[in-house]
Structure formats: structure tokens, C-alpha cells
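Have a look at the structure below before the remarks.
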Amino acid sequence: MQQTYFMIKPEIVAAGDQKVGEILAIVNRAGFRITGLAMRTLDRATVEDFYGEHRGKGFYDDLCDYISGGAVVTVRLERENAVAALRELIGATNPADAAVGTIRDLYGASLQNNAVHASANPDDAARELGIIFG
Ligand code: ADP
Ligand code: MG
């Protein structure tokens, strides 16, 4: 059994409970077990650390403002092959490129405001779960 980190981004949380519930239901139906769940506003230093691989890129400051700028839903998930399976379920980074029926296809608004985050690989999953869940 593998763990991964999933996060529902601020624009979805701000839009109200319905989309949050729908997205969690999609994840649940795909066979993931929720083993940690919280609604939190992450402080900027935590977000800067979380997205540290992107430090220095043109979109980094806006990304940190955006993710620390409102409540997110933080989720620890467990499943066989969880990391790769969740990345497939959410779709490509840019919702315009995301496969039909993926979460980013259904709920993503723009390249930045793409609804959800999922760890890219098992090392990132362990690092991100450590930052968010301790
Ligand atoms: P992913 O979330 O699919 O792993 P990245 O790690 O490359 O994608 O980027 C992290 C997040 O930064 C993306 O989910 C998106 O919100 C934002 N982002 C990535 N690239 C850009 C970009 N070129 N312009 C604006 N925002 C971006
Ligand atoms: Mg990434």
C-alpha cells in the first residue's frame, strides 16, 4: 500500500462545499482511502517550502501567493500504486491539456488555477506529507 498527498486548491474551496464533495467522491470511487483530511490556510513560508522545486521560476511568487491566499483541503490518501494512479486521475497540469474526465479537465480554470495538487513521485509524496501532516 502506498501513500500520496492530495490537495484541493483555494479557488475550489472558496467556491463552496459542493465541488469539494464532488472531487473527494471522485477520488474515493477510484479506490483511494482517505487517511488524513483537514481544511487549512497554509502560511506563506510553508507554501514556499512545499513548492521549493519551482523557486526562481517566473510563476513561483504568484503560485505561493495563490496557494497561501485562501483555505485548502489537505488530504492523505492510500491505495496500491497511489502516486501514479492519482496523477492519472487528476490529469495534465494545464487543464486545457488534461484528458477528458480527469479532475483538472472537469474543475480546472487555468494553468495556475487547476483545482488540485497531487504528488509527482513517491519521494515528493513523503516530503509533502511530512510538511503538511508532520
Ligand atoms: P503539477 O501541479 O502538475 O505537478 P508543476 O509542479 O509543474 O505541476 O507546477 C506546480 C503548480 O504551479 C501547478 O499545479 C500550477 O498551479 C502552477 N503552474 C505551473 N506552471 C505554471 C505556469 N507556467 N504558469 C502559472 N502557473 C503555473
Ligand atoms: Mg509538481
Side-chain angles (χ1 to χ4, degrees):
M1 218 46 87
Q2 192 178 52
Q3 291 192 331
T4 193
Y5 178 61
F6 181 60
M7 179 165 71
I8 303 177
K9 293 184 172 181
E11 80 279 12
I12 298 295
V13 177
D17 291 346
Q18 192 174 333
K19 287 181 180 176
V20 169
E22 288 171 7
I23 290 170
L24 290 175
I26 290 170
V27 167
N28 223 217
R29 273 202 301 276
F32 292 88
R33 197 159 76 90
I34 295 171
T35 61
L37 179 69
M39 190 179 291
R40 290 175 53 189
T41 302
L42 304 174
D43 61 57
R44 204 174 194 286
T46 300
V47 174
E48 286 175 6
D49 183 27
F50 183 87
Y51 281 120
E53 66 167 306
H54 297 302
R55 193 171 278 124
K57 294 181 186 171
F59 63 83
Y60 177 70
D61 278 340
D62 283 348
L63 175 63
C64 292
D65 286 342
Y66 153 55
I67 297 295
S68 64
V72 295
V73 174
T74 63
V75 191
R76 187 174 57 219
L77 293 175
E78 195 175 286
R79 210 198 88 157
E80 256 176 61
N81 194 32
V83 173
L86 188 65
R87 287 293 290 203
E88 193 176 334
L89 190 67
I90 73 168
T93 303
N94 189 341
D97 302 329
V100 173
T102 59
I103 294 172
R104 282 170 166 170
D105 168 55
L106 294 170
Y107 296 96
S110 67
L111 176 52
Q112 179 188 261
N113 293 19
N114 57 1
V116 294
H117 167 87
S119 306
N121 57 63
D123 284 350
D124 276 359
R127 190 183 68 82
E128 293 171 1
L129 286 169
I131 291 171
I132 303 296
F133 284 95

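Not measured: the values here are computed from a predicted model. Whatever order the structure lists ligands and atoms in, that order sets their numbers, starting from 1.
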Suppose I only count heavy atoms of N114 and a 4.0 Å limit; which atoms of ligand 1 are within that range? 13 (C), 14 (O), 15 (C), 16 (O)
If hydrogens are left out, which of Y60, F59, F50 has an atom nearest to atom 20 (N) of ligand 1, that is, the closest non-hydrogen atom? F59
Charged N-O contact under 4.0 Å between D65 and R44: yes
Should the ring pair F133 and Y5 be called parallel, tilted or perpendicular, given that the plane angle runs from 0 to 90° and is split at 30 and 60? perpendicular
Please identify which of these residues, F6, F50, Y66, meets the ring pair (Phe, Tyr, Trp, His ring centres under 6.0 Å) condition with H117. F50
N/O of Y66 under 3.5 Å from N/O of ligand 1, yes or no? no
Can you tell me if K9 contacts ligand 1 (heavy atom of the residue under 4.0 Å from the ligand)? yes
Do any nitrogen or oxygen atoms of Q112 lie less than 3.5 angstrom from nitrogen or oxygen atoms of ligand 1? yes
Does a side chain donor of either D105 or T102 reach within less than 3.5 Å of an acceptor in the other side chain? no
Which of the ligand 1 atoms, numbered from 1, are nearer than 4.0 Å to a heavy atom of R87: 1 (P), 3 (O), 4 (O)
For a quick check under 3.5 Å, do N113 and K9 share a side-chain donor-acceptor pair by atom type? no
Look at atom 17 (C) of ligand 1 and say which protein heavy atom is nearest, naming residue and atom and giving the distance to 0.1 Å. L63 CD1, 3.9 Å
The closest protein heavy-atom partner of atom 5 (P) of ligand 1 is H54 NE2, 3.5 Å
Pair R76-T35, side-chain donor/acceptor within less than 3.5 Å: yes
So, 4.0 Å and heavy atoms of R104: is ligand 1 close enough to count as a contact? yes
More than 12 heavy atoms from other groups under 6.0 Å of CG on D43: yes
the protein heavy atom lying closest to atom 3 (O) of ligand 1 turns out to be T93 OG1, 2.5 Å
What's the shortest distance from atom 15 (C) of ligand 1 to any protein heavy atom, and which residue and atom give it? L111 O, 3.4 Å
Short side-chain to backbone donor-acceptor contact, S68 and C64, under 3.5 Å: yes
